[in-house]
Chemist: 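Supplied in structure tokens, the structure appears directly below.
For ligands, and for the atoms within them, numbers begin at 1 and follow the listed sequence.
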Amino acid sequence: MCGIVGYVGPREVVPLLIAGLRRLEYRGYDSAGVAVVHDAGLERQRAEGKLDRLVEKLAQQPLAGRYGVAHTRWATHGKPIEKNAHPVTDSRGRIAVIHNGIIENFLAIKRRLQAEGWTFATDTDTEVIANLVSKYFEEAGGDLAAAVRRAVPEFEGMYACALVAAGSAEDEVVAVRQGTPLVLGAGEGEQFLASDPAALLAWTRDVAFLENGDVARLRRAGITIWNRAGELVERPVTRLDWDPIQVEKGGYKHFMAKEIHEQPQAVRDTFAGRVDFETGEVAFDTLVLEPEFVGRLTRIQLLACGTSWHAAHVGKFLIEEIARIPVEVDYASEYRYRDPIADASVLAIGISQSGETIDTVQAMETAAERGARLVALSNVPGSQATRMSSGVLYTHAGPEIGVASTKAFTTQLAALYLLALYLRRQKGSPLAPEMLAGLAHLPQAIAEALALEPETDELARRFQQASDFLYLGRGIHYPIALEGALKLKEISYIHAEGYPAGEMKHGPIALIDDQMPVVALATGRRTFEKVKSNLQEVKARDGIVIAVTDRDPEELDGVADHVLRIPSVAEHLQPLVSVVPLQLLAYQIGVRRGADVDQPRNLAKSVTVE
Ligand code: AGP
């Protein structure tokens with residue numbers, strides 16, 4: 001979950017590495033550091049806390065070198081203090097390593113190295129990498145890649161690392177990937193590496209992802225990659241069509257605000273070119289599921305975490321109702337530990353914005369081992385989930401930088417809707433005209449929901465001091481209650497729970513009082529009256545009701561204290577609209593409480609440890 005950047009080439013290395021870290025800070029912000037190599041040796045600068053602290057330090061004590069590595073940390077082993085910040089050096093001071101992941105057997109290696117006289121100055125697992133590689137570097141006569149290749153089989157766990165050494169024969173950065181992402185970017189006479197392609201967009205859009213077990217050596221003249229077996233290999237280059245401008249805030253105070261407002265366009269982009277409104281056909285360029293295969297399916301398993309797991313729940317409704325195929329939704333982190341039933345009659349779909357969430361990737365591996373066919377629903381071309389799958393359904397959200405997922409979620413819903421239509425067609429059933437008609441109007445409906453900003457801000461002002469929130473919804477709107485609660489928790493640190501409205505009376509109703517706001521999705525036709533009755537139960541106990549509805553607000557007279565009216569769209573598409581005011585409310589409460597909404601405490605955008 002840490003961010004890694006490395007560079008070798010003619011540019012000024014420190015500003016370049018800092019610019020790369022800026023794009024990665026969402027991956028962790030406990031500390032930051034940079035190490036460079038120059039003629040006289042290796043130097044580093046590190047600082048506890050956010051990247052700005054490191055930048056301030058560098059302004060006072062500048063660093064310069066020919067090539068280097070930099071890191072932004074999400075602490076796993078060792079407190080988030082400067083002593084434990086990366087780059088970590090070996091005890092002879094000639095190797096610097098940046099690391100994302102965990103070396104599970106670090107204690108055993110540490111003891112062995114200590115017995116040989118190597119010393120340790122940090123509480124991190126990373127330091128064993130620095131010392132072990134240093135030992136082999138000496139024995140390999142200053143060949144860093146050889147030293148890394150020799151050390152790697154001794155490490156257990158999942159990690160991505162980049163290393164530089166004083167005394168290398170040429171300017172070079174050496175990288176290794178085992179389980180956590182590492183992407184390379186090649187330029188003319190210069191090479192880049194990072195843990196996320198977004199970090200490289202300013203310099204290159206041609207990226208290649210390392211495979212597990214790969215060791216790469218980046219020199220000015222080019223990149224050499226060895227696979228786990230020690231063979232020289234090449235990795236395919238993916239061209240990203242992301243615009244570098246998308247990773248700027250574009251006048252917004254936070255990435256999250258910008259990304260919330262990008263949703264009409266992102267959803268439009270996700271539908272674009274995939275639906276033929278005249279013929280009623282849906283097709284994807286990177287995913288084909290043959291009619292015979294779809295006809296044989298006994299069920300679909302949706303594997304995901306967090307917000308993507310909420311999207312999966314909406315997907316279950318969509319696929320079951322539109323395509324009539326049974327769907328199971330699993331927390332990816334639970335799936336592989338529960339002896340799941342999967343075989344060749346199962347389609348397992350990993351839903352992951354980043355495509356790198358380790359829980360999701362591992363659940364997908366488990367499904368594949370049992371014979372299921374794998375598909376990835378992801379936003380990041382070339383990411384791990386996409387590479388391991390037989391087909392990919394891309395969301396076209398563009399890079400999402402805010403840690404709290406917003407446009408990635410709505411585009412996942414859009415993609416799942418398309419998938420449901422596609423599966424229905426592959427089963428031989430026609431698409432009713434209204435199934436497609438609703439799509440054209442959807443971006444406009446989302447834009448209209450965004451216009452609720454002044455109203456949600458007023459609610460944020462009123463309820464910013466609340467200590468708990470309850471979110472209620474029914475049917476396809478229930479996952480939106482879960483998502484609204486997660487958004488609020490993540491960025492405002494207010495406790496919030498999402499619940500199926502009908503379940504409230506089986507327990508949570510005990511919490512209702514005149515202090516706790518209850519946000520209710522009172523939308524749609526099927527469950528509106530039922531939700532209204534549930535809200536009566538809240539009002540009867542003096543609860544405060546904030547209703548999000550596409551109905552005439554008068555219908556909620558007496559049951560809602562505050563009404564947020566959203567445009568009405570087809571019920572299957574309503575979640576894409578009703579989530580918008582919940583995102584705005586969470587954002588505005590977070591901002592009013594002074595929270596760092598783009599980089600909430602303890603979180604990281606891409607969770608690459610189990
Ligand atoms: C969303 O706001 C979260 N920060 C988080 O729950 C996220 O959705 C989850 O970690 C899964 O990420 P992924 O979609 O990249 O796999």
Chemist: Check whether any heavy atom of Lys487 sits under 4.0 Å from an atom of ligand 1.
Modeler: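 Under 4.0 Å: yes for Lys487.
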Chemist: Out of all atoms in ligand 1, which are within 4.0 Å of some heavy atom of Ser352? Include the element for each.
Modeler: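 Those of ligand 1 that fall under 4.0 Å from Ser352 are 13 (P), 14 (O), 15 (O), 16 (O).
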Chemist: Test your reading of the structure: does Val403 have an N or O sitting under 3.5 Å from an N or O of ligand 1?
Modeler: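 So ligand 1 has an N or O lying under 3.5 Å from an N or O of Val403.
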Chemist: Is the shortest distance from a Lys or Arg side-chain nitrogen in Asp339 or Arg370 to a carboxylate oxygen in the other one below 4.0 Å?
Modeler: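 Judged by the 4.0 Å cut-off on N to carboxylate O distance, Asp339 and Arg370 do form a salt bridge.
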Chemist: Under 4.0 Å, heavy atoms only, figure out whether ligand 1 is touched by the backbone of Glu356, its side chain, both or neither.
Modeler: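 Near ligand 1, Glu356 shows nothing, with every heavy atom at 4.0 Å or more.
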Chemist: For atom 9 (C) of ligand 1, state which one of Ser354, Ala311, Cys305 supplies the nearest heavy atom.
Modeler: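 Among Ser354, Ala311, Cys305, the closest heavy atom to atom 9 (C) of ligand 1 comes from Cys305.
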Chemist: Under 4.0 Å from a heavy atom of Ala404: give me the atoms of ligand 1 that qualify, with their elements.
Modeler: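 Contacts of ligand 1 toward Ala404, numbered from 1: 2 (O).
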Chemist: Between Arg177 and Asp214, is the closest basic N to carboxylate O distance under 4.0 Å?
Modeler: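 Here Asp214 does not pair with Arg177 in a salt bridge, since their nearest N and O are not under 4.0 Å apart.
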Chemist: Pick out which of Thr411, Thr406, Val380 makes a side chain to side chain contact (heavy atoms under 4.5 Å, CB included) with Glu400.
Modeler: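 Answer to the side chain to side chain contact (heavy atoms under 4.5 Å, CB included) test with Glu400 among Thr411, Thr406, Val380: Thr406.
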Chemist: As an exercise, identify every atom of ligand 1 less than 4.0 angstrom from a heavy atom of Ser405.
Modeler: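 So the atoms of ligand 1 that pass are 1 (C), 2 (O).
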Chemist: If hydrogens are left out, which of Thr395, Thr307, Leu303 has an atom nearest to atom 7 (C) of ligand 1, that is, the closest non-hydrogen atom?
Modeler: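 Looking at heavy atoms only, Thr307 sits closest to atom 7 (C) of ligand 1.
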Chemist: Between Thr360 and ligand 1, is there a nitrogen or oxygen pair with a distance under 3.5 Å?
Modeler: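 By distance alone, the answer is no.
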Chemist: Is the closest basic N to carboxylate O distance between Glu365 and Arg336 below 4.0 Å?
Modeler: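 No salt bridge links Glu365 with Arg336.
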Chemist: Between Arg338 and Glu334, does at least one N-O distance fall below 4.0 Å, as a salt bridge requires?
Modeler: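 Not counted as a salt bridge, because no side-chain N and carboxylate O are separated by less than 4.0 Å.
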Chemist: Please work out whether the ring planes of Phe271 and Tyr417 are parallel, tilted or perpendicular, with thresholds of 30° and 60°.
Modeler: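 It falls in the perpendicular class, over 60°.
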Chemist: Any idea which atoms of ligand 1 are less than 4.0 Å away from a heavy-atom of Ser308?
Modeler: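 Going through ligand 1 atom by atom, the ones under 4.0 Å from Ser308 are 8 (O), 13 (P), 14 (O).
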Chemist: Before accepting this row, confirm whether a basic side-chain N of the pair Arg299/Glu328 lies closer than 4.0 Å to the acidic partner's carboxylate O.
Modeler: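 Yes.
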